[in-house]
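Residues: numbered from 1 along the sequence shown.
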Amino acid sequence: MTFVQMQPRTTNAIAVGRTVADAMETAGPQVCDDMTVEVALSVMASARSGHLLVCDDSGRCTGLVTQTQLAAARDGSAYSDRVRLRDILGDRGPFTSPVTTMAEAGHMMRYSDVDALPVVDEHGSALGVLALAR
């Protein structure tokens, strides 16, 4: 007689019900929006991170910048050593909530053409980051 070990199967209902809170990473490095691009690149290199969460003076998350965005800003014709993160962020967002379903967050990321989304609470404070798997 051969014993067969049974493993539970994931059902579609469980996969569909996953939320951002189930998959998000910790917030990681957070910086103030008045930081210059050069300093932000140094912080990012020191933290060995591909992105930084950007917050305003009140601690509210205003966006996320990537190394690619910072390098593009630094290499742009309008760049000076006084360019601040708030100058390159543009509009706030996109953001997501920890209770958003993974399906909704995935759609938002595809629509917005981003690889990472800040996860914020109801007050706009950063809780984490939802990033595409590499």
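Qualifying side-chain hydrogen bond (donor to acceptor under 3.5 Å, both in side chains) partners for Asp22, counting only residues two or more places apart in sequence or in other chains: Thr19. Under the side-chain contact (heavy atoms from CB on, under 4.5 Å) criterion, Ser42 pairs with no residue, sequence neighbours left out. Residues satisfying the side-chain contact (heavy atoms from CB on, under 4.5 Å) criterion with Val43, sequence neighbours excluded, are Val31, Met35, Val39, Leu52. Scanning for side-chain hydrogen bond (donor to acceptor under 3.5 Å, both in side chains) contacts around Thr66 gives Gln69, with sequence neighbours left out. Checked against side-chain contact (heavy atoms from CB on, under 4.5 Å), Ala72 has no partners two or more places apart in sequence or in another chain. With sequence neighbours left out, Gln67 forms a side-chain contact (heavy atoms from CB on, under 4.5 Å) with Leu41, Met44. For Ser58, the side-chain hydrogen bond (donor to acceptor under 3.5 Å, both in side chains) partners two or more places apart in sequence, or in a different chain, are Asp56.
No side-chain heavy atom of Leu64 sits less than 4.5 Å from a side-chain heavy atom of Leu117. Between Val120 and Leu127, every side-chain heavy-atom pair lies at or beyond the 4.5 Å cut-off. With a 4.5 Å cut-off on side-chain heavy atoms, Ile88 and Val37 count as touching. Pro29 has its side chain out of reach of Leu53: every pair of non-hydrogen atoms, C-beta onward, lies at least 4.5 Å apart. Side-chain contact between Leu89 and Val54 is present, with heavy atoms from C-beta onward closer than 4.5 Å. Side chains of His51 and Val129 form a contact here, defined as non-hydrogen atoms less than 4.5 Å apart.
Expressed to the nearest 0.5 Å, how far OG1 of Thr100 lies from CZ of Arg18 amounts to 13.5 Å. Separating the SG atom in Cys61 from the NE2 atom in His123 is a distance of 14.5 Å, to the nearest 0.5 Å. Note that the CG atom of Leu130 and the OG atom of Ser97 stand 11.5 Å from one another [nearest 0.5 Å]. Between the OH atom of Tyr79 and the OG1 atom of Thr36 there is a distance of 6.0 Å, given to the nearest 0.5 Å.
Screening residues 32-47 for salt bridge (charged side-chain N to carboxylate O under 4.0 Å, His left out), with sequence neighbours left out, gives Asp33-Arg86. Legend: salt bridge (charged side-chain N to carboxylate O under 4.0 Å, His left out) pairs involving residues 67-83, not counting sequence neighbours: none detected.
Residues Ala40 and Leu85 approach most closely at CB-CD2, 3.8 Å, considering heavy atoms.
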Under 3.5 Å, sequence neighbours excluded: what are the donor-acceptor pairs made by side chains of residues 102-111?
{"residue": "Glu104", "atom": "OE1", "partner": "Thr101", "partner atom": "N", "Å": "3.2"}
{"residue": "Glu104", "atom": "OE1", "partner": "Thr101", "partner atom": "OG1", "Å": "3.2"}
{"residue": "Arg110", "atom": "NH1", "partner": "Gly106", "partner atom": "O", "Å": "3.4"}

